[in-house]
Amino acid sequence: MPSSADLPLDFSPAVAAARAAGRPLVALESTLVAHGMPWPQNLETARAVEAIVRDEGAEPATIAVIDGRIRVGLDDAALERLARGGRAAAKVGRRDLAGSLLGGGLGATTVSGTLACAVLAGIEVFVTGGLGGVHRGAAQSFDVSADLSELARSPVAVVCAGAKSILDLPATLELLETLGVPVVGCGHDEFAAFYCRDSGLPLELRLDDAAAQARYVRLQRRLGLAAAVVFSNPVPAADALPRAEVDGWIAQALDEAQVQGIGGKAVTPFLLARLQVLSGGRSLAANIALVRHNARVGARLARALQAAG
């Protein structure tokens, strides 16, 4: 792999200072800001998540493609540009990185895009909301998120609230197993279901303590296992939504997407927006709560990994 000096990679002054001082870093995606939440909650949440990471003793590194460069760490003006730009920002996954860099303009990195950039930047921990995965009806559509294949080749610890509730969660978990990506419970014995704590899908390993999580990640690396380690961290109980209600909203939103001919990259933002309306804003509140919770757990893991050496 070329050194970061040979790449179109720009570190913010805060991230550069943290790297030089050997302080822990936490990568954050930018699709959440541009596509995952409406204005102004998207900007408020991005600022809050970065503040939580700093409060826990790590440095946030929100990643985006801006004006032909991969930006690792964003100032407030860049965060606001993404938040206000919304759908005008391209969704940038792994396959889109080179094209987005050549085209210039504004690109919000997805989970797969952020993972690829985190590896380039040498960042060990990535915090997100929920993973992409196998979409419902994938047997006919072949719609499987690139997040899963990227997890299989990115040696990064990923803290998330499982996979998005709109997905086929059993198939997603099965494919993660096939790809050799370990999924570790954090604060719960089941695979988290984004807005919901319970998926009915038990996990084989649970590690609640950051030091134990760090030891597990270090052992994975010593064994030469290059896949990510997914830490499934459920939404706090006070903010969780009932599975039955969420399933009903998802079924309605999926029907609407099919009627309107919405597919590809547009499906997830459409469904998340419809769930916000159908839930009377409760899904957005849960989304904000789970991302903030993940940020705290991820920052503690980053510190523990630094301590573990």
Side-chain angles (χ1 to χ4, degrees), residues 26-29 49 52-53 56 58 111 115 124-134 145 147-148 150-152 154-223 225-243 246-247 286-287 289-305 307-308:
V26 174
L28 303 168
E29 61 159 297
V49 165
I52 288 167
V53 172
E56 291 291 340
V111 169
L115 274 169
E124 290 189 290
V125 177
F126 168 39
V127 164
T128 186
L131 302 176
V134 179
S145 172
D147 294 356
L148 301 187
E150 193 63 31
L151 287 164
S154 298
V156 177
V158 181
V159 180
C160 60
K164 293 182 177 69
S165 305
I166 58 177
L167 302 169
D168 183 333
L169 296 184
T172 296
L173 194 58
E174 181 66 32
L175 185 50
L176 284 168
E177 179 184 351
T178 299
L179 293 170
V181 178
V183 181
V184 180
C186 179
H188 201 33
D189 296 316
E190 291 186 6
F191 188 47
F194 202 54
Y195 304 126
C196 313
R197 288 181 65 84
D198 302 315
S199 65
L201 301 169
L203 296 174
E204 295 181 1
L205 179 63
R206 172 176 170 175
L207 298 171
D208 295 349
D209 177 69
Q213 294 165 2
R215 288 194 297 271
Y216 181 84
V217 172
R218 287 286 178 255
L219 181 55
Q220 284 279 116
R221 302 301 166 242
R222 287 201 300 274
L223 292 171
L225 302 174
V229 176
V230 172
F231 289 98
S232 170
N233 184 47
V235 60
D239 304 288
L241 301 180
R243 279 180 62 192
V246 172
D247 285 345
N287 196 352
L290 66 87
V291 172
R292 291 169 64 101
H293 186 42
N294 291 345
R296 198 168 301 283
V297 170
R300 292 173 181 173
L301 173 57
R303 281 174 43 216
L305 282 167

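This chain uses plain numbering: 1 for the first residue, then up along the sequence.
With hydrogens and angles disregarded, a donor-acceptor distance shorter than 3.5 Å links the side chain of Thr172 to the backbone of Val134. Although no hydrogens or angles enter the test, the distance criterion places no donor-acceptor pair under 3.5 Å between the side chain of Ser154 and the main chain of Ala228. Judged by distance alone, with hydrogens and angles left aside, the side-chain atoms of Ser165 form a donor-acceptor pair with the main-chain N or O of Ala193 at under 3.5 Å. Judged by distance alone, with hydrogens and angles left aside, the side-chain atoms of Gln220 form no donor-acceptor pair with the main-chain N or O of Leu225 at under 3.5 Å. With Arg243 contributing its side chain and Cys196 its backbone, the two residues share no donor-acceptor pair below 3.5 Å.
Between the OG atom of Ser145 and the CG atom of Leu167 there is a distance of 7.5 Å, given to the nearest 0.5 Å. Separation of atoms CG (Asn233) and CG (Asp208) is listed at 9.0 Å; rounding is to 0.5 Å. Note: Asp209 CG to Tyr216 OH = 15.5 Å, rounded to the nearest 0.5 Å. The CG atom of Leu131 lies 7.5 Å from the CG atom of Leu148; values are rounded to the nearest 0.5 Å. Here Phe231 contributes atom CZ and Asn294 contributes atom CG; the two are 12.5 Å apart, rounded to the nearest 0.5 Å. Atom OH of Tyr195 sits about 13.0 Å away from atom CG of Asp239, to the nearest 0.5 Å.
Scanning both residues, Ala212 and Leu207, for their nearest heavy atoms gives O-CD1, 4.0 Å. When every heavy atom of Gly130 is checked against every heavy atom of Val111, the shortest pair comes out as O-CG2, 4.3 Å. Heavy-atom minimum distance, Ala161 versus Leu290: CB-CD1, 3.8 Å. Residues Arg218 and Ala308 come closest through the heavy atom pair CG-CB, 4.3 Å. Between Val158 and Leu151, the shortest heavy-atom distance links the atoms CG2-CD2, 3.8 Å. In this structure, Val26 and Ala299 approach most closely via the heavy-atom pair CG2-CA, 3.9 Å.
In this structure, Val159 and Cys186 have side chains that are not in contact, with every pair of non-hydrogen atoms separated by 4.5 Å or more. Considering only heavy atoms from C-beta on, Phe194 stays 4.5 Å or farther from Ile166 through its side chain. For the pair Arg221 and Pro155, the minimum side-chain heavy-atom distance is below 4.5 Å. When side chains are defined from C-beta on, His293 does not count as touching Val235, because their heavy atoms never get closer than 4.5 Å. Using a 4.5 Å heavy-atom cutoff, the side chains of Leu205 and Pro182 are not in contact.
The side chain to side chain contact (heavy atoms under 4.5 Å, CB included) test with Glu29 singles out one residue from Thr128, Val127, Val291, and that residue is Thr128.
For residues 177-205, every residue pair satisfying the salt bridge (Lys or Arg N to Asp or Glu O under 4.0 Å) rule, not counting sequence neighbours, is listed here: Asp189-Arg206.
Under a cut-off of 6.0 angstrom, the local environment of CZ in Arg292 is sparse, with at most 12 non-hydrogen atoms contributed by other residues, nucleotides or ligands.
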